[in-house]
Amino acid sequence: MNYKNVMPCAVAAMLGNHAADAAETREQRPNVILIYADDLGYGDLECYGAKNVSTPNVNRLAGDGIRFTNAHAAAATSTPSRYGMLTGEYAWRKEGTDVAAGNAGMIIRPEQFTMADAFKSRGYSTAAFGKWHLGLGDKSGEQDWNAPLPAALADLGFDYSYIMAATADRVPCVFIENGMVANYDADAPIEVSYVRNFEGEPTGKDNPELLYNMLPSHGHDQSIVNGISRIGYMKGGGKALWKDENIADSITEHALAYMREHSSEPFFMYFATNDVHVPRFPHERFRGKNAMGVRGDAIVQFDWSVGRILDALDSLGIADNTLVILSSDNGPVVDDGYDDRAKELLNGHSPTGGLRGGKYSAFEGGTRVPMIVRWPGHVDKGMESDVLVSQIDWLSSLAGLIGARVPRGAAPDSYDRLGNMLGTDSSPRPWVLEQAADKTLSLRTPEWKYIEPSQGPKIVPWGTEIETGYLSEPQLYGASDSGELENVAARYPDTVKRMQEIVRAVRGNDERLLRQLGARP
Ligand code: NG6
Ligand code: CA
């Protein structure tokens with residue numbers, strides 16, 4: 001039995017009922033809200049055992065739904081993970097899907113089918129808020145940030161968007177609303193370059209005296225906005241420039257306004273927070289209360305955003321008709337390039353919840369993430385599931401839920417595993433595939449974790465001190481060895497061979513081989 005209910009009740013009987021429900025709900029069109037945190041680790045929430053931080057709103061969500069303990073992002077960094085989740089195609093299949101610059105051109109191309117397209121095709125209103133990090137405009141480096149961008153989220157199925165182009169540590173430091181800089185300041189035209197600085201503009205490297213809010217620890221020494229230096233160069237922006245302390249408020253308020261406006265029609269909302277990515281600079285009202293310093297404060301700020309959304313669902317009377325999914329794009333990192341003392345102040349907290357590695361790595365810390373699903377009346381309350389699931393399946397599963405048709409050839413890596421998501425089917429996905437920062441692939445099954453041989457360095461080379469998990473020979477760890485400490489590849493050559501064959505079949509898109517191996521999800 002893979003499902004545990006923390007409340008004593010007849011789980012088996014309920015699963016039976018739910019199987020029937022599942023068929024019915026396929027014809028329904030609940031609102032769907034995807035709350036997607038940035039760099040939030042498997043162990044970073046109170047209901048996942050976090051120390052020193054309380055996350056009452058996320059606890060409430062988990063208490064009303066299913067908390068997954070074996071859920072995986074498709075990649076250990078943002079851009080490829082989000083690409084996979086929103087398109088249902090592994091990012092390593094496509095060039096140019098590594099961590100994107102702030103002036104990257106649109107990485108998901110307009111003709112590609114996305115999760116938002118699935119919702120649109122069924123008459124939903126759709127919106128995206130917060131971190132985007134999948135490129136904007138037609139071509140990298142050629143955007144005119146002072147005019148509407150020719151290729152933006154509307155081309156990917158989002159009717160409305162209020163987003164950050166990349167991450168808070170990358171220029172341009174402005175919100176973009178429906179393809180145009182929000183609050184645009186005509187007196188301060190915007191220019192962006194990832195190659196050279198603009199004449200006369202200060203940088204963190206040359207003008208550290210201007211860094212009144214935060215200092216970099218590695219990288220992040222280029223243009224200065226709000227007393228914090230970033231990756232990339234920008235000029236102008238004026239009153240459109242964001243203040244880091246207001247980012248959570250800004251995206252949350254925009255999301256709430258959208259929910260109010262669309263509460264009487266089915267909507268899909270992708271709510272991608274800036275928390276808890278660097279630079280961590282939460283609002284004053286969250287500051288100084290946490291033993292872990294700003295990283296803890298950012299987790300609390302994330303929880304606050306979650307609470308605002310849940311409260312809005314209640315006050316609008318649409319909570320029962322809304323499926324909420326909460327997760328993270330990749331595993332955690334402590335020092336990710338700013339001197340915010342996150343590492344010194346952990347005070348016994350393990351952001352990965354004891355898993356090895358972290359963001360960027362092939363070890364479990366890179367891709368095992370929190371995942372909570374709530375849908376009152378359809379998903380049982382207070383459940384815990386250790387079923388193996390991957391974000392790559394969300395597109396097809398949600399399409400299945402609302403009766404959307406995935407066009408032939410689209411979302412090639414996404415399988416409809418709605419039953420896992422709603423807790424009606426406890427059979428695990430036979431495997432999930434995970435991509436590390438250098439594209440080393442790992443294969444996780446319920447019993448094993450295999451990491452393919454690769455040549456990279458043992459430790460992430462740019463100062464975060466995370467173990468990559470790269471090794472020039474195959475690695476195999478038993479599922480019970482959750483710390484991935486004992487490589488047993490030499491002892492189980494047949495298992496290694498089988499896992500390698502599955503990886504080969506997936507890489508080669510070889511459905512027949514997958515079937516032969518009895519490993520089709
Ligand atoms: C790295 C950045 C890191 C972070 C990451 C992307 C440096 C030294 N490090 O290159 O700070 O921005 O990229 O994070 O520049 S992600 O969560 O968006 O993938
Ligand atoms: Ca991330």
Side-chain angles (χ1 to χ4, degrees), residues 34-42 44 72-86 91-92 96-104 107 130-135 163-173 194 203-205 214-223 225 228-233 244 247 270 272-281 294-295 298-299 302 327-340 342-343 351-352 357-361 365-370 391 434-439 456-457 459-466 468:
L34 196 50
I35 301 175
Y36 208 54
D38 197 354
D39 296 359
L40 187 76
Y42 180 69
D44 272 331
H72 296 258
T77 54
S78 160
T79 303
S81 175
R82 288 162 202 258
Y83 177 89
M85 190 266 289
L86 290 173
W92 45 263
T97 51
D98 287 330
V99 173
N103 66 346
I107 293 170
K131 173 168 175 171
W132 179 239
H133 211 189
L134 287 163
I163 53 157
M164 307 157 72
T167 57
D169 63 348
R170 286 171 167 74
V171 301
C173 300
Y194 274 72
T203 61
K205 185 159 180 270
M214 198 179 282
L215 297 173
S217 60
H218 49 265
H220 303 98
D221 60 357
Q222 299 175 340
S223 282
V225 175
I228 300 173
S229 48
R230 320 273 167 165
I231 307 172
Y233 302 102
D244 301 74
I247 291 175
Y270 173 49
T273 67
N274 168 51
D275 294 316
V276 298
H277 197 279
V278 297
R280 304 176 186 114
F281 203 75
V294 287
R295 190 168 187 280
I299 295 173
F302 170 75
S327 196
S328 175
D329 68 338
N330 53 252
V333 53
V334 185
D335 177 355
D336 208 15
Y338 289 96
D339 184 11
D340 61 7
K343 191 177 166 139
T352 62
K359 177 176 178 176
Y360 308 109
S361 63
T367 47
R368 186 144 14 138
V369 286
Q391 295 177 3
E434 308 159 352
Q435 168 185 343
D438 78 343
K439 296 196 175 67
I459 302 285
V460 174
W462 53 84
T464 63
E465 294 173 22
I466 290 174
T468 58

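No experiment lies behind these values; they were computed from the predicted model shown. Note that ligands are numbered from 1 as they come in the structure, with each ligand's atoms numbered from 1 the same way.
Listed here is the closest heavy atom pair of T79 and I107: CG2-CD1, 3.7 Å.
Protein neighbours of ligand 1 below 4.0 Å, counting non-hydrogen atoms: D38, D39, T77, S78, V99, K131, H133, T167, D169, R170, H218, H220, I231, H277, V278, N330, D336, K359, Y360, W462.
The OD1 atom of D38, the Ca ion (ligand 2) and the OD1 atom of D39 define an angle of 80° (nearest 10 degrees).
Using a 3.5 Å distance cut-off with no hydrogens or angles, the side chains of S78 and H133 do pair a donor with an acceptor.
Between I247 and M164 the shortest side-chain heavy-atom distance falls below 4.5 Å. No side-chain heavy atom of Y36 sits less than 4.5 Å from a side-chain heavy atom of K131.
Not a single donor-acceptor pair under 3.5 Å links the side chain of S229 to the backbone N or O of Q222.
Ring geometry, Y338 versus H220: the interplanar angle falls from 30° to 60°, so the pair is classed tilted. Using cut-offs of 30° and 60° for the angle between ring planes, the W462 and Y360 rings count as perpendicular.
For a distance bound of 3.0 Å, the N, O or S atoms of S81 include none lying that close to the Ca ion (ligand 2).
As for D329, its N/O/S atom nearest the Ca ion (ligand 2) is the one called OD2.
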